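Numbering of ligands and ligand atoms starts at 1, following listing order. As the structure is a prediction and not an experimental result, all values here were calculated from the model.
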Amino acid sequence: MRASIITTAFIAIEGAHAWGSLGHTTIGYIAENLIDKKGEAWARDILNATGNSSAGYLAGVATWADSYRSTAEGKFSAPYHFIDAEDDPPTTCDVDYERDCGAAGCVVSAIANYTQRVQQTQALSAQQVNYALRFLIHFIGDITQPLHDEALALGGNTIPVKFNNKTTNLHATWDTSIPEKFVGGYSLADAKEWAANLTMEIQKGKYKKQAKSWFTKDSTISDPVASAMIWARDGNAYVCSEVIPDGVPAVQGMELSGTYYADTIDTVEMQIAKGGYRLANWLDQLAAASKKVHSKNFVRAAAPEFDVDALLPAPRELSRAKLARQAVGWDCGHKH
Ligand SMILES: *[C@@H]1O[C@H](CO)[C@@H](O)[C@H](O)[C@H]1NC(C)=O
Ligand SMILES: *[C@@H]1O[C@H](CO)[C@@H](O)[C@H](O)[C@H]1NC(C)=O
Ligand SMILES: *[C@@H]1O[C@H](CO)[C@@H](O)[C@H](O)[C@H]1NC(C)=O
Ligand SMILES: *[C@@H]1O[C@H](CO)[C@@H](O)[C@H](O)[C@H]1NC(C)=O
Ligand SMILES: *[C@@H]1O[C@H](CO)[C@@H](O)[C@H](O)[C@H]1NC(C)=O
Ligand SMILES: [Zn+2]
């Protein structure tokens with residue numbers, strides 16, 4: 001009992017910092033709202049979530065990967081939360097898989113790896129398949145946060161800024177401060193309400209038309225690297241246009257809860273909406289590719305041939321940005 005209270009408290013504190021917990025759980029709830037029947041049944045089966053809990057079967061596990069990476073067992077997955085694009089914002093923004101995905105993997109290779117693994121129900125254990133789905137739920141969220149697609153200053157982690165007079169950094173501002181200021185909290189109930197609003201905008205509001213461009217026929221589980229690269233480039237482009245359009249000096253040490261917040265909140269909302277929309281569509285595709293043999297027992301199709309060892313770019317000398325990331329043990333202030 002005591003142990004479980006401590007565990008819950010620990011996760012709650014991580015959550016308060018940790019897209020932050022509000023961003024990830026909102027993405028989970030949006031996907032729950034948009035997923036099709038088959039997708040829901042498939043996901044509930046893998047996640048062993050048959051009942052109805054207030055946490056939600058996707059939202060409830062959306063921050064698991066952030067807790068897991070701070071365990072000894074899960075440490076290997078820390079580089080999977082981002083791709084360090086070595087571009088030159090605000091002049092040039094772009095992501096190059098060969099250049100930017102590190103030897104230890106990145107969010108793009110991770111989405112590809114876990115898209116494969118979640119389909120390998122014959123070769124992998126139920127727990128490995130379950131972890132694969134939890135990772136996907138999280139990483140399809142992380143990749144929409146512009147600073148998870150940027151190497152500069154370790155994704156903005158080493159750019160000090162102020163928010164509501166408190167010292168923080170640019171990465172955490174995007175992960176947490178901006179979303180929490182908008183919503184006024186970070187509880188599951190807050191996430192559910194935000195998700196309901198964003199779902200409405202996707203279905204019949206301001207995102208109705210553009211949502212189709214968030215997940216096109218080029219987003220396909222048969223080419224997960226190319227699909228995730230489209231999402232990484234989309235997120236990264238906002239580093240130039242919204243995150244630091246006037247360069248680092250314009251934000252360094254500055255109070256960002258005023259004009260900067262007002263200028264960026266629309267983009268933050270849209271990126272969260274994209275995460276939920278893409279996640280629902282991705283899971284629908286995975287479920288459609290699986291075969292249901294009888295009501296309680298799913299046998300998923302054997303995964304297509306996919307050389308996971310060939311997933312990562314060829315080994316090469318570490319760049320300055322990769323050395324800097326390695327020097328902070330992948331994690332640094334990057335708790336989210
Ligand atoms: C699935 O959930 C049920 C009910 O909560 C639990 O008894 C069972 O141990 C779980 N199975 C796995 C594989 O986690
Ligand atoms: C969960 O609850 C909702 C609303 O009460 C209901 O529509 C849905 O069918 C329930 N799902 C499951 C799997 O029990
Ligand atoms: C794929 O995921 C497994 C399980 O988490 C991990 O052991 C393996 O290193 C990953 N492979 C790549 C290429 O990321
Ligand atoms: C920051 O603190 C100053 C001095 O206490 C105060 O005047 C100002 O309103 C505060 N700004 C914000 C955004 O909280
Ligand atoms: C959701 O929409 C309602 C109705 O427009 C609004 O009052 C509420 O503040 C919104 N909440 C969030 C978190 O967007
Ligand atoms: Zn993450």
Answer yes if a protein heavy atom lies under 4.0 Å from atom 3 (C) of ligand 5, otherwise answer no. yes
Would His138 and His24 count as a close aromatic pair, with their ring centres under 6.0 Å? yes
Atom 1 (C) of ligand 5: closest protein heavy atom, distance to 0.1 Å, is Asn197 ND2, 1.5 Å
Going by a strict under-4.0 Å cutoff (protein heavy atoms only), does atom 7 (O) of ligand 5 have a neighbour on the protein? no
In terms of relative ring orientation, are Phe215 and Tyr277 parallel, tilted or perpendicular, with 30° and 60° separating the classes? perpendicular
Just to verify, which of Thr158, Asp175, Val251 counts as forming a side-chain contact (heavy atoms from CB on, under 4.5 Å) with Leu170? Val251
Using 2.8 Å as the threshold, say whether any N, O or S atom from His138 sits that close to the Zn ion (ligand 6). yes
What protein heavy atom is closest to atom 5 (O) of ligand 3, reported as residue, atom name and distance in Å? Tyr114 OH, 2.5 Å
NZ or CZ of Arg117 within 45° of Phe135 ring axis and under 6.0 Å: no
Specify whether Phe76 and Tyr80 have parallel, tilted or perpendicular ring planes, treating 30° as the upper limit for parallel and 60° as the lower limit for perpendicular. perpendicular
Using side-chain heavy atoms (C-beta onward) and a distance below 4.5 Å, is Leu312 in contact with Cys101? yes
Against heavy atoms of Phe182, which atoms of ligand 5 measure under 4.0 Å? 14 (O)
Suppose we only allow N, O or S atoms; which atom of Asp142 ends up nearest to the Zn ion (ligand 6)? OD2
What I want to find out is whether Arg278 reaches Asp234 closely enough, with some N-O distance under 4.0 Å, to be called a salt bridge. yes
Short check: is a protein heavy atom less than 4.0 Å from atom 11 (N) of ligand 5? yes
Are the side chains of Tyr260 and Val161 in touch, meaning some heavy atoms are under 4.5 Å apart? no
Is there side-chain contact between Arg134 and Leu47, with heavy atoms separated by less than 4.5 Å? yes
Closest non-hydrogen protein atom to atom 9 (O) of ligand 5, residue and atom name please, with distance? Glu193 OE2, 3.9 Å
Under a heavy-atom criterion of less than 4.0 Å, does Tyr131 contact ligand 3? no
Proximal atoms of ligand 3 relative to Asn113 (non-hydrogen, under 4.0 Å): 1 (C), 2 (O), 3 (C), 8 (C), 10 (C), 11 (N), 12 (C), 14 (O)
Atoms of ligand 3 close to Phe76 [distance to a heavy atom under 4.0 angstrom, numbered from 1]: 5 (O)
Near the Zn ion (ligand 6), is there an N/O/S atom from His81 that is less than 2.8 Å away? yes
For ligand 3, note which part of Gln128 has a heavy atom under 4.0 Å away: side chain, backbone, both or neither. neither
